[in-house]
Amino acid sequence: FAAQRPLSVVATRTAAAAASPASGGAVERRQRPEHPGKVRLGFIPEEWFQFFYNKTGVTGPYTFGVGLLTYLCSKEIYVMEHEYYSGLSLGIMAVVAVKKLGPAVAKWADGEIDKIEGEWKQGREAELKVLTDAIEAEKKEQWRADGALLLMEAKKENIALQLEAAFRERAMNVYSEVKRRLDYQVECRHVERRLGQKHMVNWIVASVLSSISPQQEKETLNKCIGDLSALALRLKST
């Protein structure tokens, strides 16, 4: 243990020097700026150091760590057997691996993450594009459906107009046929009336001619000749 005791003495003297006002311990106790979320030595939070800075000064945490390690080793609480050196070697190899291979592995991992995120983003954008195209296609189909409804209404109106034209044409045909038949009946009545009048005139003339005797016919003819002679003389005198 004689080789390990000087370390304890050095740690004690260092702590005393840090706590002594004459040695500038009060100057070293000034607070450092806080850095929330940061760590030291890879695993110790920055807040712990700030706590020790406020209580013991800047060198307090380091003095405490060295003293604790010296105490554990001097009292053989922590035995430095061959496993210790194996662990120390593994720790050094791990640190070297992290320092040397860490950036390359981190860069490769970041590249893989970016690649996966890019694929996810590309797939998401492709799916969004497909959905957007589907929405546009659906809107176009709805527009076409509305156009089909308008076309159906136009066809219905066209059919109604055709039915109206056919109805009017057939009504005109009925009117023409009825008028033609009525005209035929009127013409028949006119023909019958003319035939009746002609027959009656012929009958009256025949009856009158048959009732006139030859003597009456001669006297009437002479009287007519006399009237015509008197009329001629009267015209000459005027």
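As the structure is a computational prediction, the values presented were derived from the model and not from experiment.
- A salt bridge is defined here as a Lys NZ or Arg NE, NH1 or NH2 lying under 4.0 Å from an Asp or Glu carboxylate O, and Arg194 with Glu187 meets this definition.
- A continuous path of ILVMFWY side-chain contacts below 4.5 Å connects Phe64 to Leu72, so both sit in one hydrophobic cluster.
- Atom-to-atom distance recorded for Glu153:CD and Glu157:CD is 7.0 Å, nearest 0.5 angstrom.
- Within a 6.0 Å radius of CD in Glu127, no more than 12 heavy atoms belonging to other residues, nucleotides or ligands are found.
- Using a 4.5 Å heavy-atom cutoff, the side chains of Lys140 and Arg144 are in contact.
- Rounded to the nearest 0.5 Å, atoms CD1 (Ile159) and CG (Leu163) are 7.5 Å apart.
- Considering CG of Leu131 and CZ of Arg124, their distance stands at 10.5 Å, rounded to 0.5 Å.
- Leu151 contributes atom CG, which lies 12.5 Å from atom CG of Asp146 (distance to the nearest 0.5 angstrom).
- Checked for salt-bridge contact, Glu164 and Arg168 meet the test: a charged N lies under 4.0 Å from a carboxylate O.
- Going from atom CG of Asn202 over to atom CG of Leu195 covers 10.5 Å, rounded to the nearest 0.5 Å.
- Taken to the nearest 0.5 Å, the CG atom of Asp114 stands 11.0 Å off from the NZ atom of Lys121.
- Between Glu177 and Arg180 there is a salt bridge, with a side-chain nitrogen of the basic residue lying less than 4.0 Å from a carboxylate oxygen of the acidic one.
- Two residues are said to be in side-chain contact when any heavy atoms from C-beta on lie closer than 4.5 Å; Met200 and Gln197 fail this criterion.
- One hydrophobic cluster, built from ILVMFWY side chains closer than 4.5 Å, cannot hold both Ile113 and Val105; they sit in different ones.
- Taking the charged nitrogens against the carboxylate oxygens, Lys115 and Glu112 have no contact shorter than 4.0 Å, which rules out a salt bridge.
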Applying side chain to side chain contact (heavy atoms under 4.5 Å, CB included), run through Glu138 and Gln142 and close with a yes or a no.
-> CA-CA 6 Å; Glu138 183 65 23; Gln142 292 178 1; 3.7 Å; yes
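- The main-chain N or O of Ala154 is never found under 3.5 Å from a side-chain atom of Asn158 such that the two would form a donor-acceptor pair.
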